[in-house]
Asks: 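The structure follows.
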Amino acid sequence: MKIWFDILTPKQLLFFEPMIQRLKKNHTVLCTSRKYNQVTDLAKIRKQKLVIIGKYGGVKKHDKLDASLSRSKLLVRKISKFLPDITLSSCSPEAARVSYGLDIAHICFSDSPHANAVMRLVVPLIQKLLVPWIIPKKEFVKFGINSNDIMHYKAID
C-alpha cells in the first residue's frame with residue numbers, strides 16, 4: 001500500500017512519527033510538508049524525511065490563499081506520480097483538495113473543532129475523521145461530516 005502523509009506543523013510531525021515508522025516497515029510512505037522553519041528544523045532533528053512542497057503563507061488571508069493555491073498545484077504533480085492508496089493528515093486543506101480531486105481516500109485527525117476555517121475547508125472532503133474521545137462528535141458534524149464517519153480514540157494530542 002502507498003500512504004501519503006501531509007505534515008504541516010511540529011505537533012503533527014511528532015504525532016505522526018510513530019505511525020510513519022511503523023507503516024514504513026511494510027508500505028511505501030511519502031511525507032510532504034511546506035517550507036516552514038519550525039517543521040523543517042524539527043524534521044532534521046528527528047531524522048524524519050520530508051519532501052518540501054510549497055511554503056507557509058503567513059498571517060494575511062491573501063498570502064495564505066496564494067500559498068495554498070500554489071502548493072495545491074505543486075502537490076497535484078507530485079501526488080499524481082506517487083498515486084497513494086490513502087492520505088493521512090491533521091486536516092491539511094491542500095491534502096484534502098488534492099486527495100478529493102484525485103479520488104484518493106483521506107483520513108484526518110483533529111483535536112481542533114475551533115479551527116473554523118480549516119474545518120470548513122477540509123471536513124466535507126474527507127472519508128473519516130479521528131478525534132480524541134473527549135471532544136463530542138457534534139463539534140465536527142456541523143462542518144459537513146456524518147457522525148458515523150467520526151471515530152473517537154482514547155488519547156489527547
Side-chain angles (χ1 to χ4, degrees), residues 2-24 27-102 104-132 135 139-140 143-145 150-151 153 155-157:
K2 289 175 148 183
I3 304 164
W4 169 34
F5 285 87
D6 196 31
I7 299 167
L8 303 180
T9 67
K11 174 183 162 184
Q12 292 172 21
L13 180 79
L14 296 172
F15 178 79
F16 284 127
E17 187 175 51
M19 285 183 236
I20 293 165
Q21 297 310 320
R22 192 166 185 181
L23 289 168
K24 277 182 12 182
H27 304 282
T28 305
V29 174
L30 170 67
C31 298
T32 58
S33 190
R34 57 193 175 181
K35 188 176 187 310
Y36 185 53
N37 287 342
Q38 287 87 340
V39 176
T40 53
D41 290 350
L42 182 60
K44 287 175 190 169
I45 292 166
R46 306 291 299 178
K47 295 179 176 55
Q48 183 70 36
K49 184 182 176 207
L50 298 176
V51 176
I52 305 302
I53 299 174
K55 65 179 183 176
Y56 173 64
V59 295
K60 294 182 183 175
K61 282 187 178 184
H62 178 275
D63 295 338
K64 282 183 186 292
L65 177 60
D66 189 50
S68 179
L69 293 171
S70 296
R71 184 167 190 263
S72 293
K73 287 177 75 173
L74 295 169
L75 282 168
V76 167
R77 292 186 200 125
K78 181 70 175 178
I79 300 308
S80 293
K81 291 176 185 165
F82 182 66
L83 287 177
D85 298 294
I86 194 162
T87 302
L88 297 172
S89 81
S90 287
C91 293
S92 160
E94 296 83 23
R97 180 63 186 106
V98 171
S99 294
Y100 178 80
L102 296 176
I104 301 163
H106 187 182
I107 297 173
C108 285
F109 293 80
S110 180
D111 64 351
S112 305
H114 57 277
N116 190 56
V118 170
M119 294 297 115
R120 289 173 55 200
L121 290 169
V122 174
V123 171
L125 302 179
I126 63 175
Q127 282 61 57
K128 296 288 179 194
L129 179 63
L130 284 76
V131 303
I135 304 173
E139 295 297 319
F140 295 96
F143 296 111
I145 189 168
I150 302 171
M151 300 170 71
Y153 58 89
I156 300 288
D157 301 357

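We count residues from 1, following the sequence as given.
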Asks: Can you tell me which residue pairs pass the side-chain hydrogen bond (donor to acceptor under 3.5 Å, both in side chains) test with a partner in residues 74-84, sequence neighbours excluded?
Replies: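 Pairs touching residues 74-84 that pass the test: none.
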Asks: Side chain of S112, backbone of H114: donor and acceptor closer than 3.5 Å?
Replies: no
Asks: Considering the options D85, T87, T32, which one meets the side chain to side chain donor-acceptor pair (under 3.5 Å) requirement together with W4?
Replies: T32
Asks: Once rounded to the nearest 0.5 Å, what's the spacing between atom SG of C108 and atom CD1 of I150?
Replies: 11.5 Å
Asks: Has M19 got more than 12 heavy atoms of other residues, nucleotides or ligands less than 6.0 Å from its CE?
Replies: yes
Asks: Apply side-chain contact (heavy atoms from CB on, under 4.5 Å) to the pair L129 and S110, showing each step before the final yes or no.
Replies: CA-CA 7 Å; L129 179 63; S110 180; 4.0 Å; yes
Asks: Can you tell if the side chain of P132 reaches within under 4.5 Å of the side chain of Y153, non-hydrogen atoms only?
Replies: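 Side chain of P132 against side chain of Y153, heavy atoms only: contact under 4.5 Å found.
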Asks: Any idea which heavy atoms bring M119 and P113 closest together, and the distance?
Replies: CG-O, 4.1 Å
Asks: Calculate, to the nearest 0.5 Å, the distance between atoms CD1 and CD belonging to I7 and Q12 respectively.
Replies: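 Interatomic distance, I7 CD1 to Q12 CD, rounded to 0.5 Å: 7.5 Å.
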Asks: Verify side-chain contact (heavy atoms from CB on, under 4.5 Å) between L13 and L50, making sure each step is shown before the conclusion.
Replies: CA-CA 10 Å; L13 180 79; L50 298 176; 4.2 Å; yes
Asks: So, for G57 and A67, which heavy atoms are closest and what is the spacing to 0.1 Å?
Replies: CA-CB, 3.5 Å
Asks: So, taking the atom named CZ in F16 and the one named CD in Q48, what distance separates them when rounded to the nearest 0.5 Å?
Replies: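 Between F16 CZ and Q48 CD, I get 11.5 Å after rounding to 0.5 Å.
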Asks: Return the minimal non-hydrogen interatomic distance between P10 and Q38, and the atom names on each side.
Replies: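 Shortest heavy-atom contact: CG-CB, 3.6 Å.
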Asks: For the residue pair L30 and P84, establish whether any side-chain heavy-atom pair is separated by less than 4.5 Å.
Replies: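 Side chain of L30 against side chain of P84, heavy atoms only: no contact under 4.5 Å found.
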Asks: Which distance, rounded to the nearest 0.5 Å, do you find between the CD1 of I79 and the CD1 of I53?
Replies: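 Interatomic distance, I79 CD1 to I53 CD1, rounded to 0.5 Å: 6.0 Å.
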Asks: Rounded to the nearest 0.5 Å, what's the gap from CG on L8 to CZ on R34? Could you check?
Replies: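 CZ of R34 is found 4.5 Å from CG of L8.
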Asks: Do L69 and K73 make a side-chain contact, defined as non-hydrogen atoms from C-beta onward lying under 4.5 Å apart?
Replies: no
Asks: Please report the shortest heavy-atom distance between D6 and S92, naming the atom on each side.
Replies: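 Residues D6 and S92, closest heavy atoms: OD2-OG, 2.6 Å.
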Asks: Would you check, one step at a time, whether the test side-chain contact (heavy atoms from CB on, under 4.5 Å) holds for F140 with I135?
Replies: CA-CA 9 Å; F140 295 96; I135 304 173; 3.5 Å; yes
Asks: Let me confirm one number: the NZ-CD1 distance from K24 to I3, rounded to the nearest 0.5 Å.
Replies: 11.5 Å
Asks: Any pair with a residue in residues 55-64 that passes side-chain hydrogen bond (donor to acceptor under 3.5 Å, both in side chains), sequence neighbours left out, goes on the list, sorted by first then second residue, please.
Replies: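 Sorted result for residues 55-64: empty, none.
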Asks: Do the side chain of K2 and the main chain of F82 share a donor and acceptor less than 3.5 angstrom apart?
Replies: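 It does hold such a pair.
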Asks: Show, in sequence, the C-alpha distance, side-chain angles and deciding distance for Y36 and I52, and conclude whether the side-chain contact (heavy atoms from CB on, under 4.5 Å) test is met.
Replies: CA-CA 9 Å; Y36 185 53; I52 305 302; over 6 Å; no
Asks: Kindly say whether H106 contributes a backbone atom to a donor-acceptor pair with the side chain of Q127 at under 3.5 angstrom?
Replies: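 Checked: pair present.
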